[in-house]
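Structure first, then comments.
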Amino acid sequence: MGTNIAEIFGSSVFSHTVMRQRLPKKVYAEVMNVIENGGNISMASADVVANAMKDWAVEKGATHYTHWFQPLTGITAEKHDSFLTAPDDSRTLLQLTGKQLIMGEPDASSFPSGGLRSTHYARGYTAWDMTSPAFVKEMSCGTILCIPTIFVSYNGEALDKKTPLLRSMEAINAQALRILRLFGNTSAKRVLPFVGAEQEYFLVDREKYLKRRDLIYTGRTLFGAPAPKGQELDDQYFGVIRYRVGKFMADLNQELWKLGIPAATQHNEVAPAQHEMAPVYTMCNLAVDQNQLAMETMKRVATRHGLVCLLHEKPYAGVNGSGKHNNWSIGTDTGENLLDPGDTPNENLQFLLVLACIMAAVDNHADLLRCSASCVGNEHRLGAQEAPPAIISIFLGDQLDSVVSQIVSNADSIQVLAAGKLDSGVSTVPVISKDATDRNRTSPFAFTGNKFEFRMVGSSDTIADANITLNAIVAQAFSDAADVLEQAEDFPAACTRLIHDLMARHQRIVFNGNGYSDQWVEEAERRGLPNLRSLVDAVPSLTTDKSVQLYEKFNIYTRSELASRAEIRYETYAKVLRIEAKTMIHMASKHYIPAAIHYSTRLGQSVAAVSGAGAEPAVQRELLVKCSQLLARCSQALEELKALSSQVDAMDDVKEMAHAYHDRIVPAMAALRAPVDELELMVDKSIWPVPTYGDLMFEV
């Protein structure tokens, strides 16, 4: 029998519907008022909510609860506490109090803080995020009630991703409402960013995975020759889903649906063994929570099927890597999408102002937007002809680009390109309506009808940073526009003039062409657009005076919080590459060089045997010479990587160390990989110590 989605969807979530059923009307009304309007819930009501939440979770099989938070590691954290209290007359008592629900105290010194916390100070606090519903999670250690929370230090500094995200949502809400009021909208009480995050991933057989130390330690293959077949035939994309993968997907869907995650799309992606899951859009902070939970669930479900889910941006060289398209829009609590141009965008003054503000935001803060998608794995994708370039630009499509150009040129009347019809020429197929513009997969920030698709985020990365940045920079642009328009005597004329000025000033950020081309790199430089090729180039944008002023204006980050994030990014970059370099040294020393020596020894024995029989071992001798040459290159590259690693690891400054890893260690790693990959194509497969690309990608 098939799965009834309606019956299982959200069944593991302490949703508004569940609260309405289980809470007294007065308490439920108080909770909803805080969720919608802010403020604090009374401790008496918190006790009632906590008890109802505990009873509901226990009915679901829960034995523990946890404050589920997102520290600066980029993943989630949880400490499980039992519902048990001190026994009374040998009876087991289960309890969750309002105080326990609202606040927790994990050890803050054990998480990255970027200098915000001294190691000897341990106190940190988690606090309940009422806008994100609690849920139960079935784990190997039992069923756990998870309470989404923020995580702050003893002095109130944000030590997590959620706190600044919620602050950024408040900022864009306040500034967008100013814009709406100027257009006479008094019914909307809140403006919210909405997000849908497409998630790409690879699957690999677990037994083969466990034979690859690079996959275990780093999430990607540090060595590996190309398989005879890759993605050349384009037969993987949207192809028939393999049986084993299909069973995984079916199981994954059920787990996600139970957690209230609206997983809507599943398909094969471009590379062999690569796939994608995409959800329906939801409120920004909930979307961030759900994406973190989705990645965790993918890994857990894969294990049940004897698989491993690889979320690294580039598990295999030579085929497409994985990204995460962050679809972002803004809408009101009354259901209006501020990014919906309508049928006549040229006459939609509110939409044109919103569009102009977004153009200004992206142009003014392209460096911050680029930095928000910077993670170590993404270094292998951005600008690599499979993902957007590192240069930030906006794709508007033919229709909106034409409108913008006409506005900039002060056209007397603005003509709109109409959506046409598409006749396939097949009599039995209906003529269909087509959009007024095509899509552009090479653009990092593309308008796709009623939203913007930020295509740069890495598959393993949190989407929190991207959305914090988008919310903040657009809030700034709205604020600047409102400052001007609130003083205008003739609002329509002033608004029209401001739209023209903003579009004229920031039209350089619009690019509808091929972002993969070398010509675009040259054109972007002529336009004055930044080209921050690496994470280490992008990080300084966090701490410029312009960035500090932006974030402090809206109380999203303080200067010290921004400095901490910069330091953590440098430190993480250095640490990840240190692990990769050590793993390469280990595998070359323990696996590949011994296997090649074994093979060359056999070749030497073959040469001797054939010579002893009076024949000329030309082929064996040629292979032996080539193998010996490659072994020598391996040995030399290995020693150079060891020496460089020791030098770089001795550095004290994390920024200097990160740059050294980028400039010196990465080329040294490539120099070691090259001869090993050549040897893989020579050495007898029975001798080669690890599964090859063909084994990993085509035997799932």
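We number each residue from 1, following the sequence as shown.
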ring-ring contact (aromatic ring centres under 6.0 Å, His included) partners of H591, counting only residues at least two apart: H586
Using the salt bridge (Lys or Arg N to Asp or Glu O under 4.0 Å) rule, take D289 and K162 through it: C-alpha gap first, then chi angles, then the decisive distance, then the call. CA-CA 9 Å; D289 287 356; K162 181 184 278 278; 2.8 Å; yes
Taken to the nearest 0.5 Å, the spacing of T149 OG1 from Q70 CD works out to 9.0 Å
Give me the atom names and distance for the closest heavy-atom approach of C627 to S600. SG-CB, 3.8 Å
E678 side chain near R633 side chain, heavy-atom distance below 4.5 Å: yes
So do the side chains of E561 and P164 get within less than 4.5 Å of each other, counting heavy atoms only? no
E699 meets the side chain to side chain donor-acceptor pair (under 3.5 Å) criterion, sequence neighbours left out, with K208
Show which side-chain atoms of residues 373-382 pair as donor or acceptor with protein atoms under 3.5 Å away, not counting sequence neighbours.
{"from": "S374", "atom 1": "OG", "to": "R370", "atom 2": "O", "distance (Å)": "3.2"}
{"from": "S374", "atom 1": "OG", "to": "R370", "atom 2": "NH1", "distance (Å)": "2.8"}
{"from": "S374", "atom 1": "OG", "to": "C371", "atom 2": "O", "distance (Å)": "3.3"}
{"from": "N378", "atom 1": "OD1", "to": "R381", "atom 2": "NH1", "distance (Å)": "2.7"}
{"from": "N378", "atom 1": "ND2", "to": "A373", "atom 2": "O", "distance (Å)": "2.9"}
{"from": "N378", "atom 1": "ND2", "to": "M456", "atom 2": "O", "distance (Å)": "2.7"}
{"from": "E379", "atom 1": "OE1", "to": "S534", "atom 2": "OG", "distance (Å)": "2.7"}
{"from": "E379", "atom 1": "OE2", "to": "L535", "atom 2": "N", "distance (Å)": "2.7"}
{"from": "R381", "atom 1": "NE", "to": "S322", "atom 2": "O", "distance (Å)": "3.1"}

Any donor-acceptor N/O pair, T282 side chain to L286 backbone, under 3.5 Å: no
Is it true that a side-chain atom of T442 and a backbone atom of G515 form a donor plus acceptor pair closer than 3.5 Å? yes
Donor-acceptor contact present, side-chain Q290 to main-chain G260, <3.5 Å: yes
Is the shortest side-chain heavy-atom distance between R244 and L307 below 4.5 Å? yes
What I want to check is whether the side chains of D695 and T692 have a donor and an acceptor closer together than 3.5 Å. yes
Within this structure, what is the CD1-CG distance for the pair I597 and L631, rounded to the nearest 0.5 Å? 5.5 Å
Who are the side chain to side chain donor-acceptor pair (under 3.5 Å) partners of T583, not counting sequence neighbours? none
For the CD1 atom of I665 and the OG atom of S645, what is their distance to the nearest 0.5 Å? 4.0 Å
Among all residues two or more places apart in sequence or in another chain, which pass the ring-ring contact (aromatic ring centres under 6.0 Å, His included) test with H275? Y201
Quick one: sort the F111 and F151 rings into parallel, tilted or perpendicular, breaks at 30° and 60°. perpendicular
Short question: side chain of N268, backbone of G239 - any donor-acceptor pair under 3.5 Å? yes
Please check this pair: side chain of S12 against backbone of L259, looking for a donor-acceptor N/O pair closer than 3.5 Å. no
Between L145 and T66, is any pair of side-chain heavy atoms under 4.5 Å apart? no
Between OG1 of T221 and CE of M697, what distance do you get to the nearest 0.5 Å? 8.0 Å
Is the side chain of K247 donor-acceptor paired with the backbone N or O of R242 at a distance under 3.5 Å, no angle test? no
List in chain and number order the residues that pass side chain to side chain donor-acceptor pair (under 3.5 Å) with K229, two or more places apart in sequence or in another chain; answer none if no residue qualifies. D235
Output the distance between atom OG1 (T126) and atom NZ (K79), rounded to the nearest 0.5 Å. 8.0 Å
Are a donor atom and an acceptor atom from the side chains of Q231 and N320 found within less than 3.5 Å of each other? yes
For residues 570-594, which residue pairs qualify under salt bridge (Lys or Arg N to Asp or Glu O under 4.0 Å), counting only residues two or more places apart or in two chains? R220-E580, E571-K575, R578-D649
For the residue pair R213 and L222, establish whether any side-chain heavy-atom pair is separated by less than 4.5 Å. no
Pairwise side-chain contact, E276 with Q199, heavy-atom cut-off 4.5 Å (strictly under): no
M295 vs N291 side-chain heavy atoms within contact, under 4.5 Å: yes
Evaluate whether atom CD of E639 has more than 12 neighbouring non-hydrogen atoms of other residues, nucleotides or ligands under 6.0 angstrom away. yes
Under 3.5 Å, is there a donor-acceptor pair between the side chain of E105 and the main chain of G124? no
Compute whether any side-chain donor of one residue and acceptor of the other, for N327 and E198, lie under 3.5 angstrom apart. yes
Please walk me through it: do D214 and R673 pass salt bridge (Lys or Arg N to Asp or Glu O under 4.0 Å)? CA-CA 12 Å; D214 45 5; R673 175 173 184 156; over 6 Å; no
Report yes or no: does S541 contribute a side-chain atom to a donor-acceptor pair with the main-chain N or O of A538 at less than 3.5 Å? yes
With side chains defined as the heavy atoms from C-beta onward, is the minimum distance between V690 and K211 less than 4.5 Å? no
What one should report as the nearest heavy-atom pair of L532 and A390 is O-CB, 3.4 Å
Once ring-ring contact (aromatic ring centres under 6.0 Å, His included) is applied, what residue pairs with a partner in residues 636-693 remain, sequence neighbours excluded? Y316-Y693, Y592-W688
Can a donor-acceptor pair be found, under 3.5 Å and without considering hydrogens, that links the side chain of N326 to the backbone of F454? no
So, using ring-ring contact (aromatic ring centres under 6.0 Å, His included) as the criterion, who are the partners of W68 when residues are at least two apart? F135
Residues at least two apart in sequence or cross-chain that pass ring-ring contact (aromatic ring centres under 6.0 Å, His included) with F698, listed by chain then number, are none
Under 3.5 Å, is there a donor on one side chain and an acceptor on the other for N253 and Q266? yes
So, taking the atom named NZ in K642 and the one named CD1 in I585, what distance separates them when rounded to the nearest 0.5 Å? 7.0 Å
By the salt bridge (Lys or Arg N to Asp or Glu O under 4.0 Å) test, which pairs, at least two apart or in different chains, include something from residues 595-604? R602-D684
Pairs flagged by salt bridge (Lys or Arg N to Asp or Glu O under 4.0 Å) wherever residues 293-304 is involved - sequence neighbours left out: K137-E296, D251-R304, E255-R304, E296-R300
